[in-house]
Amino acid sequence: MRVRLKDKDFELYIPRTRIDQEVSRLAAEMKEAGIGDRTVFVGVLKGAFMFFSDLMKHMPAGSRQEFVFARSYAGTQSTGRVEMQGLNTLALEGCDVILVEDIVDSGLTANYLAGQFQETGALRVRICAFLFKSEVYRGLREIDFVGIHIPNYFVVGYGLDYEEEGRCLPDIYRLLS
Ligand code: IMP
């Protein structure tokens with residue numbers, strides 16, 4: 001199956017059934033790691049909106065959900081800079097925090113945010129990414145929970161966009177070269 005977004009063609013890469021399996025597995029892994037009632041989950045918008053909502057359906061009612069907005073991509077490339085909104089209003093002092101990302105690529109966004117959370121007094125910060133391009137990762141922090149490791153493909157769907165298109169696709173597609 002293929003989709004065309006603006007000037008680019010994409011082919012089906014990870015179907016919804018596999019996504020559901022990995023979300024359930026991740027949720028079980030998190031529970032085993034002691035994540036529960038006192039945890040604060042911070043979703044990174046816009047990309048993480050679908051993954052965050054699927055994952056949170058498995059979490060206990062006492063956990064807290066928050067969001068920040070980050071932008072580092074233009075087209076199919078990272079700009080190398082991270083624009084942030086919403087950091088100032090997060091109250092994370094003394095909290096066990098899980099940063100929830102749609103995808104970790106260079107790691108710039110996740111490492112910067114995790115550092116900021118720690119500076120504002122979070123007790124512990126762990127990173128959860130649905131997709132992880134480990135071969136291009138340049139961050140120092142461990143990615144504690146990973147849905148699926150992928151090569152350095154540009155992907156869309158399940159929250160991820162190409163120039164703001166493709167986010168609402170329920171499956172994940174990769175760019176055809
Ligand atoms: P990083 O800061 O380089 O790790 O990039 C993280 C952000 O870049 C993600 O939250 C996405 O918004 C965006 N991004 C990275 N790779 C892709 C991709 O393959 N497709 C769409 N967006 C991506």
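Just follow the structure's listing: the first ligand is 1, and inside any ligand the first atom is 1.
- No salt bridge links Arg18 with Asp171; every basic N to acidic carboxylate O contact stays at or beyond 4.0 Å.
- For the pair Arg124 (side chain) and Ile98 (backbone), a donor-acceptor distance under 3.5 Å is absent.
- Looking at Tyr173 and Asp9, their side chains never bring a donor and an acceptor atom within 3.5 Å of each other.
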**Worked verdict on Tyr13 versus Arg174 for side-chain hydrogen bond (donor to acceptor under 3.5 Å, both in side chains)** = CA-CA 6 Å; Tyr13 178 43; Arg174 72 174 169 191; 5.1 Å; no
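- Taking hydrophobic clusters as Ile, Leu, Val, Met, Phe, Trp and Tyr residues chained together by side-chain heavy-atom distances below 4.5 Å, Ile148 does not share a cluster with Leu12.
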Under a 3.5 Å threshold, I'd like every N/O contact between ligand 1 and protein atoms, with atom names and distance.
{"residue": "ligand 1", "atom": "2 (O)", "partner": "Thr109", "partner atom": "N", "Å": "2.9"}
{"residue": "ligand 1", "atom": "2 (O)", "partner": "Thr109", "partner atom": "OG1", "Å": "2.5"}
{"residue": "ligand 1", "atom": "3 (O)", "partner": "Ser106", "partner atom": "N", "Å": "2.9"}
{"residue": "ligand 1", "atom": "3 (O)", "partner": "Ser106", "partner atom": "OG", "Å": "2.5"}
{"residue": "ligand 1", "atom": "4 (O)", "partner": "Asp105", "partner atom": "N", "Å": "2.8"}
{"residue": "ligand 1", "atom": "4 (O)", "partner": "Ser106", "partner atom": "N", "Å": "3.3"}
{"residue": "ligand 1", "atom": "4 (O)", "partner": "Gly107", "partner atom": "N", "Å": "2.8"}
{"residue": "ligand 1", "atom": "10 (O)", "partner": "Glu101", "partner atom": "OE1", "Å": "3.1"}
{"residue": "ligand 1", "atom": "10 (O)", "partner": "Asp102", "partner atom": "OD1", "Å": "3.0"}
{"residue": "ligand 1", "atom": "16 (N)", "partner": "Tyr73", "partner atom": "OH", "Å": "3.4"}
{"residue": "ligand 1", "atom": "16 (N)", "partner": "Asp105", "partner atom": "OD2", "Å": "3.2"}
{"residue": "ligand 1", "atom": "16 (N)", "partner": "Lys133", "partner atom": "NZ", "Å": "3.2"}
{"residue": "ligand 1", "atom": "19 (O)", "partner": "Lys133", "partner atom": "NZ", "Å": "2.9"}
{"residue": "ligand 1", "atom": "19 (O)", "partner": "Val155", "partner atom": "N", "Å": "3.0"}
{"residue": "ligand 1", "atom": "20 (N)", "partner": "Val155", "partner atom": "O", "Å": "2.7"}

Enumerate donor-acceptor pairs with a distance under 3.5 Å from any side-chain N or O in residues 43-62 to protein atoms, sequence neighbours excluded.
{"residue": "Lys46", "atom": "NZ", "partner": "Glu164", "partner atom": "OE1", "Å": "3.0"}
{"residue": "Asp54", "atom": "OD1", "partner": "Lys57", "partner atom": "NZ", "Å": "3.4"}
{"residue": "Asp54", "atom": "OD2", "partner": "Arg16", "partner atom": "NH2", "Å": "2.7"}
{"residue": "Asp54", "atom": "OD2", "partner": "Tyr158", "partner atom": "OH", "Å": "2.7"}

